[in-house]
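First up is the structure itself, then whatever we jot down about it.
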Number of protein chains: 2
Amino acid sequence: MTDTNKPITIKTIAKELNISFSTVSKALNNNPAIKEETRKMVLDKANEMGYTPNSLAKGLRSNSTKTIAIIFNDIENPVLTYIFRTISIKMADHGYTTMIFDSQFSEKIERANILTVLSRQPDFIILEPTSMNPNNLQLLSEMSNRLILQGVRYETMNCHHVHVDYAHGGYLAACAMLSNGHRDCLVITEPLSFPTSEQFVLGIERAYSEYNVPFNRDMVKTTHSSITNGFQTMQKLWDYDTNAFSIPFTGVLTFDDTLAYGVYKAAMQYNFKIPEDISVIGFDDNPLSAFSMPPLTTIHLPKEKMAENYISILQSALLEGRTETRFFSSDPILIPRDSVCNLFRRNRRN
Amino acid sequence: MTDTNKPITIKTIAKELNISFSTVSKALNNNPAIKEETRKMVLDKANEMGYTPNSLAKGLRSNSTKTIAIIFNDIENPVLTYIFRTISIKMADHGYTTMIFDSQFSEKIERANILTVLSRQPDFIILEPTSMNPNNLQLLSEMSNRLILQGVRYETMNCHHVHVDYAHGGYLAACAMLSNGHRDCLVITEPLSFPTSEQFVLGIERAYSEYNVPFNRDMVKTTHSSITNGFQTMQKLWDYDTNAFSIPFTGVLTFDDTLAYGVYKAAMQYNFKIPEDISVIGFDDNPLSAFSMPPLTTIHLPKEKMAENYISILQSALLEGRTETRFFSSDPILIPRDSVCNLFRRNRRN
DNA sequence: TTGTAGGCGTTATCAA
DNA sequence: TTGATAACGCCTACAA
């Protein structure tokens, strides 16, 4: 009866019903100008034929794609997946689709991602910038009131912010080391061009200066997040002749828990003990970090609160049409577990 | 000079350059009919004006959106994020955008996801079905040659498959228990309507029958993946009067590592020891499972191979235009670590 | 080598 | 209450 293989559009339905396609469109959109009887007929037919509206045409015409685009730097980070999942589920209730992109800490990929995203005309963009370099950000200047920045504070850009105080996180982590008598700490983090990584180190330095302990920037090693990379960072420092690390340190501060497990792996390989020989503090609070051997002391990211902040911005802008931009900030907290050794107590015992 | 605020289209560029917009279009698409000089002029102008092509219009016109849609059931599962990330990065090189949706093991949400996805006209769909019920799947029958199913074997559907033998995984896990003398094992898994969960249990039953040990389906407890849910499943079985579990078992088989850590949590709470009192085997092989206390014996999902399978299908279909549907299957393997106790040895010692 | 016209599936405006 | 028509931004025959 109907054409096979051709996609079902409002025109197909109209032809089938011998009415005009504009009537079909109105019926489908619950336009009150349409007779109840006609609407029902159209709806039934649409159902029967398996009609799916074409979002592209809709978006092209109506200038709203009901899409939220997220650009993060490491989709495998469980905190980010949690946030993505929460936004995605919550906004789906209101007909929004969320798409996510991974810039892998690369400005070049970030640029490509922004261009892809822009070409898809999303209603809102969430971006975790790879750097403070405004080049890529400028691409988004036109839609600054439909933009949420994560992790950075961009005063010059009039857009929404969901900020987490990574400096405070680094500060807390360093304090936990220093208050336990650790002075020489290795720091394993993302390249410092990544804004939150820089904040992290800045926070560490603040703690050191408060404790009147000099901090040596050479102790900061940069790499990308993975167990392997964390391990390799340690490996490079290992001296196979002396069977010890080539530089002295008693603690390691990492930018996330994954890197911390790279240190754990090194401990297995090189037979040093955590925390007896080396103390470790992570960042993020991976749900599994409570079960590791030893349980990992880490900085907890308030992911629930962050997700709430996002939802709040998205709902007030998208659903209520409010236009003012908002700034949210939240603090990470220290979760003390068993990967930090108290050097004072240990030394007393010896 | 140019209008402010209005989006930049090929028409804007054409007007600016006093040429027709079709010339602009051709220049932008490297149509050889365009003079090199003109092309350069257009490209420069486009750049200068910050032109971004409108993917909606492109897709509407050309019937190809350069989009791959993925529908999984638990975006927070690291194996799935790994696969998503790999596909997303690899296909981005060829101009494809990957979007991911989470059905949360719900047929209803799955249906909504499929409809959303369909309305966005993706070039390919990857689906991990929530059930063997073909209702939702039928929505996709029109594009079966552009569909990849994960985790199920749908003989009647002529589409691509990336299959993992969960039954074999369950079998391996159960064998690891049985060969160590465990007969009474609890199973914590997703509802059995979820195809891979059913396969998992079927595999366990096969092992039991090979060992001539009766298997009691009452020992199968279903819930959704989370540490909390795994813990609560144990909690329900705990008898606070006797300070012991209300049913006897020496081992727990879980559908994923996250659930296994729910058992670990119960061990902390109720003061039993893993593996001395209760043995545990997980599934998935979370990267952190090597570092848990004790390291978790688990079934490793061949995620790298699965990702390769996906890439292979997508590339041959999308890039090379091949039309035959393909079936991939791979086997999980057992990763023995320290969460399983050998009962024979232990009993001998007593 | 460049320009004109038509159409992809919708929605919105206006006329019937 | 319904129908005809234009427009959203782009691509592609075909004409110039």
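Model, not experiment: these values are computed from the prediction. Protein chains get the first letters and strands the later ones, always in sequence-line order, with residue 1 at the start of each.
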Gap between atoms [atom1] and [atom2], on [X] and [N] respectively (whole Å):
X	N	atom1	atom2	answer
B:I8	D:dC10	CD1	P	11 Å
A:N18	D:dT2	CG	P	14 Å
B:N54	C:dT10	CG	P	16 Å
B:F21	D:dC11	CZ	P	11 Å
A:L17	D:dT2	CG	P	11 Å
A:I13	D:dT2	CD1	P	16 Å
A:K6	C:dC8	NZ	P	8 Å
B:K15	D:dC10	NZ	C1'	16 Å

Verify the contact: side-chain N or O of [X] to OP1 or OP2 of [N], cut-off strictly under 4.0 Å; return yes or no.
X	N	answer
B:N29	D:dC11	yes
B:T9	D:dG9	no
A:T23	D:dT2	no
B:S25	D:dT12	no
A:S62	C:dA12	no

_is_close_aromatic(B:F328, B:H161), centroid dist under 6.0 Å_ = no

*Is it true that B:Y310 and B:H160 have ring centroids separated by less than 6.0 Å?*
no

*What does B:L56 touch in the nucleic acid at a heavy-atom separation under 4.0 angstrom: a base, only the sugar-phosphate, or nothing?*
nothing

*Closest-nucleotide ordering on DNA chain C, the 5'-leading residue of B:A33 and B:N63*: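 The 5'-side residue here is B:A33.
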
*Return the 5'-most residue of the pair B:T38, B:A57 with respect to DNA chain C, ranking by each residue's nearest nucleotide.*
B:T38

_Neighbour count above 12 (heavy atom, 6.0 Å) for B:E324 CD_ =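 It does: B:E324 CD has more than 12 such atoms within range.
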
*Give a yes or no on this: more than 12 heavy atoms of other residues, nucleotides or ligands lie within 6.0 Å of atom CD of B:E320.*
yes

Which protein N or O atoms sit under 3.5 Å from an N or O of nucleotides 14-16 of chain D?
none

*Pairwise 5' ranking along DNA chain D for A:S22 and A:L60, keeping only the more 5' one*: A:S22

*Over all heavy atoms of both residues, which pair between A:N133 and A:N135 is shortest? Give the atoms and the distance, please.*
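Result for this residue pair: OD1-N, 2.9 Å.
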
*Which atoms form the tightest heavy-atom contact between A:I70 and A:I87, and what is the distance?*
CD1-CD1, 4.1 Å

*Keeping the roles fixed (side chain from B:R326, backbone from B:S312), state whether a donor-acceptor pair exists under 3.5 Å.*
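Between the backbone of B:S312 and the side chain of B:R326 there is a qualifying donor-acceptor contact (under 3.5 Å).
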
*Backbone N or O of A:N77 within a donor-acceptor pair of the A:T81 side chain at under 3.5 Å?*
yes

*Taking only the side-chain heavy atoms of A:K58 (C-beta and beyond), determine which of C:dT10, D:dA4, D:dC10 contains the nearest atom.*
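Of the options given, the side chain of A:K58 lies nearest C:dT10.
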
*asked:* Quiz question: going by heavy-atom distance under 3.5 Å, is there a donor-acceptor pair between the base of C:dT11 and the side chain of A:R61?
replied: yes

